[in-house]
Peer 1: 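A single structure is presented below for examination.
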Amino acid sequence: MCGIVGYVGSRDAASLIYEGLERLEYRGYDSAGLAVISNGRIEVRRDAGKISSLRALLQTSPVEGTIGVGHTRWATHGKPCARNAHPQLGSTGEVAVVHNGIIENYLELQKELAEQGVQFKSETDTEIIVQLVERHLAQGFSLSEAARRVIARLEGAHAIVLISAKEPDRLVVARLGYGGGVTIGIGDGEMFLASDIPAILNHTRQMVFLEPGQYAVIQRDKLEVHLLNGESIPVKVQTVEWESGSADKGTYDHYTLKEINEQPYTIASTIGGRVDFTAGQIRLPELNLTPEKAARIKRIIITACGTAAHAGMVGKILIERIARLPVEVDIASEFRYREPIVDEDTAVIAISQSGETADTLAAMAEARKRKAILWGIVNAIGSQAMRMADGCIPMKAGPEIGVASTKAYIAPLVDLYMLAVLLAEMRGNLEPAQRMTLVRNLYTLPDLVSECVARQSDVQSVAPLLKDIEHCLFMGRGIQMPTAYEGALKLKEISYIHAEGYPAGEMKHGPIALIDREMPVVAIVTRDPWYEKMIGQVEQVKARGGLIIAVATDGDERIPEIADEILWVPDIPWMLSPVTAIIPLQLLAYQTALLRGADVDQPRNLAKSVTVE
Ligand code: M6R
């Protein structure tokens, strides 16, 4: 939830850390700070608000040094203010800590320290870590040993980085549980660390991903990784292939707009190398799926949160239709606590952009415990979800920085489509001609997505209708029901308009009572097997005086007679229609948020990766 950056080397630590934090600001933007060891002392600069406040502080009060840590915060304990910003110092000022996570036994540890006379300077749970570490240092332990002993006492999931003025050549970083990730970047005579790859991708591609229950001691030319019992383990270096430029905003005003515009490339990369259009074959090598395994599967559970869960709902329809396997979609935060019925013949598919969403990881752990086949559809390379899964479909969307997920929504739609075809083929459920058609349907998809992205001016004329409203209803049926959910989520999270997605057939069971001209209804009425039913539902809204904005297929002659406004999408085989139908709704949310002056990339109260429960 928070973003962490660290550096040790020979260059100016503050500017490198600041630059990394800017790339991680999507993870939290309540406050930001950094600590650098400068002339044998720890110098801290931190302030409430966005990272630009930290920049101003560094300009008026620069800090020199070649080792340091930084943090951008999403507040959990203690209000967002400078005092509660990280890094946190202890009583001596000789140790600094940055932390991502929630210390679940915080009250107990706080009481213990208070009884020993500790005067806390902040309202954070994090300060406990540094206070405890200082006590161990006072007993003669090294920084890494003190950290190891303290970490062993913390409950919950955490990423923690410590520096000490007494050992000014090293960072000590630990990861506990499935909280935030820790990536260590190996440079030439310098080392980086960050919560997420984009923060350090422009410096190195040689990365080490810390697993839960590991800690590392990082010096400029040496890296040691240990288990929490102190045992040293081999360092596993991986090469990350993302382009560093893909994490930049480029010429766009917002990451969100950039990422919406990148979607044709997302689809091209998603399909690229995986589809043989001549043979009509799908290849998903990282999934490790064999015909024997495919035949064994009796049911599938898709588990995810937010936008990723909406993608899973589309996947349910695709897999059931194409592969004829029963599929359930389970919100990860519910799945983990429900004693789910899962066995070795169940395939559990976790979908996650970040690969570090705490609820999704916990659901994966639950599935693993119950011996399910565990797959991930994950964007962040090397993330925990990718590493936990038995097999994976890497999303290939590249870094997604905007808090509102856009390209990481459409990528899994196509991944799930390909998975459905592959499963069907391996299970012998698909005639070769059917398979050929399904596979070839993918051929024009990047162009069709490109066409949708190009229709931004259509949306510009509709967004003013939403500018001053308070509520909005999205309705869809069948394969477009998740589009309604996702369209509503986009609008609510970036424009702060209350929006609800609803299965259109349910309107008459309650929500239709809300219809008036003050609450627009966005209806997804594309050419698909539910089209006639949707037309009926839109008519019902119209009959009650509702204001209708329709997403409809080019050439539809009935919709213009009913809808007030239409966002047209190109004709496309219906099973792929959610990929294109969501694009005008992403743009609508974006344009509306702009008109309302909202902070599109960093909506209030949200963070990109939810690494806490
Ligand atoms: O990283 P994940 O895909 O696991 O994240 C899941 C949700 O937190 C995420 O989709 C969230 O709902 C987005 N803000 C939606 O735009």
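One-based numbering, in listed order, for ligands and for the atoms of each. For clarity, every value in this text was computed on a predicted model and none was experimentally measured. Below, each value reflects all heavy atoms present in this structure, side chains not excepted, and no hydrogens, waters or symmetry copies.
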Peer 1: Determine, for E211 against R387, whether the closest basic-nitrogen to carboxylate-oxygen distance falls under 4.0 angstrom.
Peer 2: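 A salt bridge is present here (some side-chain N lies under 4.0 Å from a carboxylate O).
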Peer 1: Name the closest protein heavy atom to atom 1 (O) of ligand 1, giving the residue it belongs to and the distance to 0.1 Å.
Peer 2: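 For this ligand atom, the closest protein heavy atom is S354 OG, 2.6 Å.
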Peer 1: Only heavy atoms count here, so choose which of T256, V378, T307 is nearest to atom 15 (C) of ligand 1.
Peer 2: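 It is T307 whose heavy atom sits nearest to atom 15 (C) of ligand 1.
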Peer 1: Please work out which of L489, N379, T357 has its closest non-hydrogen atom nearest to atom 2 (P) of ligand 1.
Peer 2: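 Nearest heavy atom to atom 2 (P) of ligand 1 lies in T357.
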Peer 1: Report the part of E356 (side chain from C-beta onward, or backbone N, CA, C, O) that has a heavy atom under 4.0 Å from ligand 1; answer both or neither where that applies.
Peer 2: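 Near ligand 1, E356 shows nothing, with every heavy atom at 4.0 Å or more.
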Peer 1: Consider only side-chain N and O atoms of S577 and Q480, and report whether a donor and an acceptor are under 3.5 Å apart.
Peer 2: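 Per modelled atom types, S577 and Q480 side chains form a pair under 3.5 Å.
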Peer 1: For K490, counting its heavy atoms only, list the atoms of ligand 1 lying under 4.0 Å from any of them.
Peer 2: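 The atoms of ligand 1 under 4.0 Å from a heavy atom of K490 are 15 (C), 16 (O).
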Peer 1: How far is atom 3 (O) of ligand 1 from its nearest protein heavy atom, and which residue and atom name does that atom have?
Peer 2: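 Answer, as residue, atom name and distance: Q353 N, 2.6 Å.
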Peer 1: Strictly by modelled atom types, are T307 and K490 linked by a side-chain donor-acceptor pair under 3.5 Å?
Peer 2: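 Distance-only check passes for T307 and K490.
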Peer 1: Check each atom of ligand 1 against the heavy atoms of A404 and keep those under 4.0 Å away; list them by number with element.
Peer 2: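 Listed by number with element: 16 (O).
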Peer 1: Less than 3.5 Å between some nitrogen or oxygen of T360 and one of ligand 1, yes or no?
Peer 2: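 Among all N and O atoms of T360, none is under 3.5 Å from an N or O of ligand 1.
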Peer 1: Over 60° means perpendicular and under 30° means parallel, so tell me whether Y590 and H254 are parallel, tilted or perpendicular.
Peer 2: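 Perpendicular, since the angle between the ring planes exceeds 60°.
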Peer 1: Please check if the side chain of K467 supplies one atom and the backbone of L595 the other of a donor-acceptor pair under 3.5 Å.
Peer 2: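 A pair under 3.5 Å: no.
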Peer 1: Against I4, only a single residue in L24, T183, V98 fulfils side-chain contact (heavy atoms from CB on, under 4.5 Å); can you say which?
Peer 2: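 Going through L24, T183, V98 one by one, the side-chain contact (heavy atoms from CB on, under 4.5 Å) with I4 is satisfied by V98 alone.
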Peer 1: Quick test of your reading of the model: are E339 and R370 salt-bridged, counting only N-O distances below 4.0 Å?
Peer 2: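 Looking at R370 together with E339, the answer is yes, because their closest N to O distance falls below 4.0 Å.
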Peer 1: At what distance is the nearest protein heavy atom to atom 14 (N) of ligand 1, and which residue and atom is it?
Peer 2: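 Among all protein heavy atoms, the one nearest atom 14 (N) of ligand 1 is E493 OE1, 2.9 Å.
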Peer 1: Of the protein's non-hydrogen atoms, which lies at the shortest distance from atom 8 (O) of ligand 1, and what is that distance?
Peer 2: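 Protein heavy atom at minimum distance: V610 CG2, 4.1 Å.
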Peer 1: Checking a contact table here: which protein heavy atom is nearest atom 6 (C) of ligand 1, and how many Å away?
Peer 2: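 Result for atom 6 (C) of ligand 1: C305 O, 3.3 Å.
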Peer 1: Check this for me - ligand 1, V403, N or O atoms closer than 3.5 angstrom, yes or no?
Peer 2: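 So ligand 1 has an N or O lying under 3.5 Å from an N or O of V403.
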Peer 1: Quick test of your reading of the model: are D599 and R604 salt-bridged, counting only N-O distances below 4.0 Å?
Peer 2: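 Salt bridge: no.
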